[in-house]
*Asks:* 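Please find one structure pasted underneath; my questions will follow.
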Amino acid sequence: MRWSQAFIPTLRDDPADAEAASHRLLVRGGFARQLMAGVYSLLPLGKRVHEKIEGIIREEMVKVGGQEFSLPALLPKEILEKSGRWGVDVMFKLEDRHGAAACLGFTHEEIFAWIARELRSYKQLPQIWFQFQTKFRDEERPKSGLLRVREFMMKDSYSLDVTAEGLDYAFQQHFEAYRRIFERLGLDVVAVEASSGGMGGNESIEFMIETPAGEDWIVSCAACGYAANVEKATSLLEPASDEAGPATPEKFATPDVRTIEELAVFEGGAPAEQQIKTLVYTIDDAPALLLLRGDHALVEQKLIDGTAAETLRPATTAEIRQALCASAGSLGAVGVEGLRVLADPALQGRTNMTTGANEDGFHLRGVSIERDIQVAEWMDLREVTEGEACPMCEADLAIRKTAEVGHIFKLGTVYTEALGASVQGEDGKNVPIIMGSYGIGVGRAMAGIVESWNDENGIIWPMNVAPYEVVVTIVNPKDVESSEAGQRIYESLIGDGIDAILDDRKERPGVKFKDAELIGIPYRITVGPKGLADGKVELFRRRGAEKRDVDVHKAADIVLNAVMEERR
RNA sequence: CGGGCCGUAGCGCAGCUUGGUAGCGCGCCUGAAUGGGGUUCAGGAGGUCGGGAGUUCGAAUCUCCCCGGCCCGACCA
């Protein structure tokens with residue numbers, strides 16, 4: 001490709017609405033343009049990167065026996081109704097001219113399960129099926145450029161097995177394939193235990209990259225490698241040494257005290273870690289009390305996972321008053337009967353605690369959990385904080401902001417049962433196929449790579465995904481000798497299968513250098529009269545900004561070798 | 001869905017308070033010089049001021065409605 005003919009609309013200024021590094025650089029470098037909220041066009045450079053990422057993912061999927069499909073993006077209501085997912089809030093719903101309902105696919109478990117109905121015998125299993133497909137999700141809030149969008153390319157794969165061991169094996173194969181994929185993409189991922197969320201299933205691992213543009217917090221231990229999403233993470237706490245306290249709780253007046261912090265500084269109050277925080281939630285339309293240590297925060301996802309609730313929300317002021325006859329600020333669980341009380345294990349065995357008295361303006365002190373409160377269930381509900389002890393090795397835990405680039409799930413038989421995908425086992429009985437589901441967002445991976453690999457001059461693509469591997473920059477296109485020399489080097493590289501681009505534009509050298517660095521091409525060969533006078537051209541490596549002069553006639557070979565070495 | 005901010009030329013922005021010929025920088029086109037880090041000079045093209053309604057002799061500017069976008073939070077297969 002000649003740069004003078006290429007559509008690479010670079011921008012001198014950062015786009016005004018871009019915050020995340022990847023957003024800024026992908027727009028500025030001419031890789032993508034926004035069409036509407038969370039919807040982007042890929043320009044030629046972006047498309048090239050996308051294809052390279054897809055190529056790597058495809059290779060690794062094929063290595064573990066994956067077979068590629070291409071399913072429709074347009075899905076019928078009937079199939080999604082069978083799994084109970086018709087109408088989920090991220091779904092883009094539409095109607096055809098006859099009034100038949102359809103939607104744009106947000107994921108494809110149902111459709112693969114539908115096709116899997118053609119499987120008849122255990123002898124045909126296992127299978128790994130995958131595709132690259134555009135997914136549509138009407139996210140509440142698209143953000144961070146290409147990191148969180150409403151239409152995106154995803155590689156999704158599905159494993160089909162007869163036994164739980166088979167699923168474990170497919171899951172493990174995917175885990176390893178994903179490790180190799182992210183390694184080749186230049187993404188430094190942390191695999192974390194994750195909540196399965198609305199997908200169903202019982203075990204899932206997310207692959208996260210650390211970035212300020214992320215939106216998931218993960219807990220990790222540098223000492224032993226333990227890592228988990230905060231939605232799932234646990235930690236060890238220092239055992240509390242409470243005084244026994246009085247024989248019965250004592251009520252005391254606390255005018256105008258409504259928060260944990262206010263009670264902590266109130267004369268006669270108690271430090272947050274000696275308070276019991278009482279939250280009222282409506283779980284599947286029934287009120288429930290959640291008890292946490294005063295300084296601990298609730299993780300709603302843990303509550304969802306722990307209760308298997310269909311719907312769940314904080315109770316309204318009116319509901320709270322109806323349940324406890326008091327306002328938020330004076331709530332407690334002492335003496336409460338007839339309500340479901342869930343308590344976090346950090347409260348287990350605690351004595352002499354302080355909590356609300358269910359009477360506005362009053363609290364109770366000297367509360368012993370086991371003695372005074374009827375806890376229906378103990379359930380891990382609290383959010384881990386920085387510096388708490390690792391549940392595996394007791395070292396200090398760190399908390400990091402991350403973005404999810406891949407997720408693997410053990411689904412089980414939720415979808416295959418709903419859609420009737422079963423096979424006959426060895427014993428002649430029909431058993432539902434056991435499914436796993438595994439996804440990687442291609443555009444998100446691209447944005448993630450940019451988040452990980454950039455500097456003040458632009459993107460620094462890893463060789464494997466670079467839109468072009470080498471740019472041959474002609475300093476002065478009017479100088480016939482350098483034009484010809486540049487062209488020879490360029491053609492030699494192309495002949496060797498290198499993705500090269502020839503920057504033959506009639507621009508000042510500075511412009512060409514800036515552009516090449518902005519779009520992140522790993523190697524640049526600069527051909528100009530100054531160097532040619534000594535038979536030299538300059539070889540510049542984007543990563544590390546190393547420069548060296550090399551013999552004109554050897555330049556192509558030297559770069560060829562360097563590129564080959566960096567391809568993986 | 002709550003809170004905040006913003007829509008004026010391809011990009012970045014000023015003008016709006018106090019209504020009266022639509023501006024600046026970059027980019028783009030032509031010509032010339034220059035040619036190893038966003039060079040310089042001269043000339044030029046380019047705008048339904050997000051959309052609609054209203055007030056007014058007159059609206060980018062004032063009023064109302066709508067649409068779109070960004071950020072924070074909530075939410076999130």
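Every chain is numbered from 1, with letters handed out A, B, ... down the list of sequences. What's counted below: heavy atoms across the whole structure, side chains too, no hydrogens, waters or symmetry copies.
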*Asks:* Can you check the distance between B/rG12 and B/rG47, where both ends of the measurement are the C1' atom (answer in whole Å)?
*Replies:*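 Roughly 16 Å separates the two C1' atoms.
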*Asks:* Do the side chains of A/Lys155 and A/Tyr438 get nearer than 4.5 Å, heavy atoms only?
*Replies:*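 A side-chain contact exists here, since the closest heavy-atom pair is under 4.5 Å.
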*Asks:* Before accepting this row, confirm whether a basic side-chain N of the pair A/Lys82/A/Glu110 lies closer than 4.0 Å to the acidic partner's carboxylate O.
*Replies:*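 Answer for the salt bridge query: no.
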*Asks:* For a quick check of understanding: with a heavy-atom distance under 4.0 Å over all strands, which category does A/Lys536 fall into, base, sugar-phosphate or nothing?
*Replies:*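 Nothing: the residue A/Lys536, judged by heavy atoms under 4.0 Å, touches no strand.
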*Asks:* Among residues 507-524 of chain A, which ones have heavy-atom contacts with RNA chain B below 4.0 Å?
*Replies:*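 Correct list: A/Glu507, A/Arg508, A/Pro509, A/Gly510, A/Val511, A/Phe513, A/Lys514, A/Asp515, A/Glu517, A/Arg524.
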*Asks:* For A/Trp453, is the NZ or CZ atom of A/Arg542 found under 6.0 angstrom from the centre of its six-membered ring and inside 45 degrees of the ring axis?
*Replies:*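 Not satisfied by the 6.0 Å and 45° rule.
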*Asks:* Is the closest basic N to carboxylate O distance between A/Arg58 and A/Glu68 below 4.0 Å?
*Replies:*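 Counted as a salt bridge, because a side-chain N and a carboxylate O are separated by less than 4.0 Å.
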*Asks:* For B/rG36, which nucleotide in any strand shown is its Watson-Crick or wobble partner with both distances under 3.5 Å?
*Replies:*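 Here B/rG36 is not engaged in any pair, so there is no nucleotide opposite it.
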*Asks:* Side chain of A/Lys530, base of B/rG36: donor and acceptor closer than 3.5 Å?
*Replies:*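 No.
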*Asks:* Which one is paired to B/rC76, where only Watson-Crick or G-U wobble pairs with both distances under 3.5 angstrom count?
*Replies:*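 None - no nucleotide pairs with B/rC76, as no candidate has both distances under 3.5 Å.
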*Asks:* Could you say whether A/Asp549 or A/Asp89 is positioned toward the 5' end of RNA chain B, judged by the nucleotide with the nearest heavy atom to each?
*Replies:*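 Here A/Asp549 is the residue nearer the 5' end.
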*Asks:* Quote, to the nearest angstrom, the C1' distance that separates B/rU55 from B/rC13.
*Replies:*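 Roughly 30 Å separates the two C1' atoms.
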*Asks:* Would you mind pulling out the nucleotide paired to B/rA60, Watson-Crick or G-U wobble, both distances under 3.5 Å?
*Replies:*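 Per the H-bond distance test, none.
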*Asks:* Could you tell me the separation between the CD atom of A/Glu538 and the P atom of B/rG37, rounded to a whole number of Å?
*Replies:*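 Taking CD of A/Glu538 and P of B/rG37, I get 10 Å after rounding.
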*Asks:* Taking the six-membered ring for Trp and the single ring otherwise, decide whether the centroids of A/Phe152 and A/Tyr40 are under 6.0 Å apart.
*Replies:*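 Ring centroids of A/Phe152 and A/Tyr40 are no less than 6.0 Å from each other.
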*Asks:* C1' atom, B/rG19 versus B/rU63: distance in rounded Å?
*Replies:*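 The same atom, C1', in both gives a distance of 13 Å.
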*Asks:* Specify whether A/Phe409 and A/His407 have parallel, tilted or perpendicular ring planes, treating 30° as the upper limit for parallel and 60° as the lower limit for perpendicular.
*Replies:*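 Ring orientation of A/Phe409 relative to A/His407: parallel.
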*Asks:* Counting only distance, no hydrogens or angles, is the base of B/rU34 paired donor-acceptor with the side chain of A/Lys478 under 3.5 Å?
*Replies:*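 Checked by distance alone, the answer is yes.
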*Asks:* Can you confirm if the aromatic rings of A/Phe136 and A/Phe106 lie within a centre distance of less than 6.0 Å?
*Replies:*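 Ring centroids of A/Phe106 and A/Phe136 are no less than 6.0 Å from each other.
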*Asks:* So what does A/Pro9 touch, heavy atoms closer than 4.0 Å: a base, only the sugar-phosphate, or nothing?
*Replies:*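 No contact.
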*Asks:* Could you tell me the Watson-Crick or G-U partner of B/rC26, where both distances fall under 3.5 Å? Say none if there is no partner.
*Replies:*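 By the stated definition (distances under 3.5 Å), B/rG10 pairs with B/rC26.
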*Asks:* Can you tell me the pairing partner of B/rC41 across any strand shown, Watson-Crick or G-U wobble, with both distances under 3.5 angstrom?
*Replies:*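 Base partner found: B/rG31.
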*Asks:* Check the interface with nucleotides 66-71 of chain B: list each N/O to N/O pair with the protein under 3.5 Å, or write none.
*Replies:*
| unit_1 | atom_1 | unit_2 | atom_2 | d |
| --- | --- | --- | --- | --- |
| B/rG69 | OP1 | A/Ala37 | N | 2.5 |
| B/rG69 | O3' | A/Gln34 | NE2 | 3.3 |
| B/rC70 | OP1 | A/Gln34 | NE2 | 3.1 |
| B/rC70 | O3' | A/Asp17 | O | 3.4 |

*Asks:* Is there a Watson-Crick or G-U wobble partner for B/rG46 with both distances under 3.5 Å, and if so, which one is it?
*Replies:*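 Base partner found: none.
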*Asks:* So, A/Arg541 side chain and A/Pro522 main chain: donor-acceptor pair closer than 3.5 Å or not?
*Replies:*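 A pair under 3.5 Å: no.
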*Asks:* Show the distances under 3.5 angstrom between N or O atoms of the protein and N or O atoms of nucleotides 23-26 of chain B.
*Replies:*
| unit_1 | atom_1 | unit_2 | atom_2 | d |
| --- | --- | --- | --- | --- |
| B/rC26 | O2' | A/Arg12 | NE | 3.1 |

*Asks:* If the C1' atom of B/rG15 is compared with that of B/rA59, how far apart are they to the nearest Å?
*Replies:*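 Comparing C1' positions in B/rG15 and B/rA59 gives a spacing of 14 Å.
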*Asks:* For A/Glu139 and B/rC1, what is the distance between atoms CD and C1' respectively, to the nearest whole Å?
*Replies:*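 So the CD-C1' distance, A/Glu139 to B/rC1, works out to 14 Å.
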*Asks:* When you look at A/Lys135 and A/Glu151, which way does the salt bridge (Lys or Arg N to Asp or Glu O under 4.0 Å) test go after all the steps?
*Replies:* CA-CA 6 Å; A/Lys135 308 291 186 200; A/Glu151 174 181 335; over 6 Å; no
*Asks:* What interatomic distance, in whole Å, is found between C1' of B/rC62 and the corresponding atom of B/rC16?
*Replies:*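 Pairwise C1' distance, B/rC16 against B/rC62, rounds to 10 Å.
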*Asks:* In this structure, are over 12 heavy atoms from other groups packed under 6.0 Å from A/Lys554 atom NZ?
*Replies:*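 12 or below, so no.
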*Asks:* Between A/Asp503 and A/Arg2, is the closest basic N to carboxylate O distance under 4.0 Å?
*Replies:*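 No salt bridge links A/Arg2 with A/Asp503.
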*Asks:* Rounded off to whole Å, could you give me the CZ-to-C1' distance for the A/Arg148 and B/rG73 pair?
*Replies:*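 Taking CZ of A/Arg148 and C1' of B/rG73, I get 13 Å after rounding.
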*Asks:* Nearest whole Å is fine: how far is B/rC72 P from A/Lys401 NZ?
*Replies:*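 Rounded to whole Å, this separation is 7 Å.
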*Asks:* Strictly by Watson-Crick or wobble contacts shorter than 3.5 Å, is anything paired with B/rU55, and which nucleotide is it?
*Replies:*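 Looking at the geometry, B/rU55 pairs with no nucleotide.
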*Asks:* Can you find a donor-acceptor N/O pair under 3.5 angstrom joining the side chain of A/Arg28 to the base of B/rC11?
*Replies:*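 Answer is no: no donor-acceptor pair is held.
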*Asks:* Determine the Euclidean distance between corresponding C1' atoms of B/rA14 and B/rC26; express it in Å to zero decimal places.
*Replies:*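 15 Å, rounded to whole Å.
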*Asks:* Taking only the C1' atom of each, what is the distance from B/rU56 to B/rC66 in whole angstrom?
*Replies:*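 It comes out at 23 Å once rounded to the nearest Å.
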*Asks:* In whole angstrom, what separates A/Leu312's CG from B/rC75's P?
*Replies:*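 Nearest whole value for this atom pair: 10 Å.
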*Asks:* Output the rounded distance in Å from CG (A/Asn476) to P (B/rG37).
*Replies:*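 In whole Å, B/rG37 P lies 13 Å from A/Asn476 CG.
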*Asks:* What about the rings of A/Tyr158 and A/Trp129, do their centers lie closer together than 6.0 Å?
*Replies:*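 No - the distance between ring centres of A/Tyr158 and A/Trp129 does not fall below the 6.0 Å cut-off.
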*Asks:* Taking NZ, NE, NH1 and NH2 as the nitrogens, is one of them in A/Arg505 or A/Asp515 under 4.0 Å from a carboxylate oxygen of the other?
*Replies:*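 Yes.
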*Asks:* Taking the same atom, C1', in B/rC11 and in B/rG69, what whole-Å distance lies between them?
*Replies:*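 Rounded to whole Å, the distance is 16 Å.
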*Asks:* When the distance from CG of A/Asp503 to P of B/rG37 is rounded to whole Å, what number comes out?
*Replies:*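 Distance, rounded to whole Å: 15 Å.
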*Asks:* Between atom CZ in A/Phe540 and atom P in B/rG37, what is the gap in whole Å?
*Replies:*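 About 13 Å, once rounded to whole Å.
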*Asks:* Using ring centroids (six-membered ring only for Trp), state whether A/Phe175 and A/Phe207 fall under 6.0 Å.
*Replies:*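 Yes, close enough.
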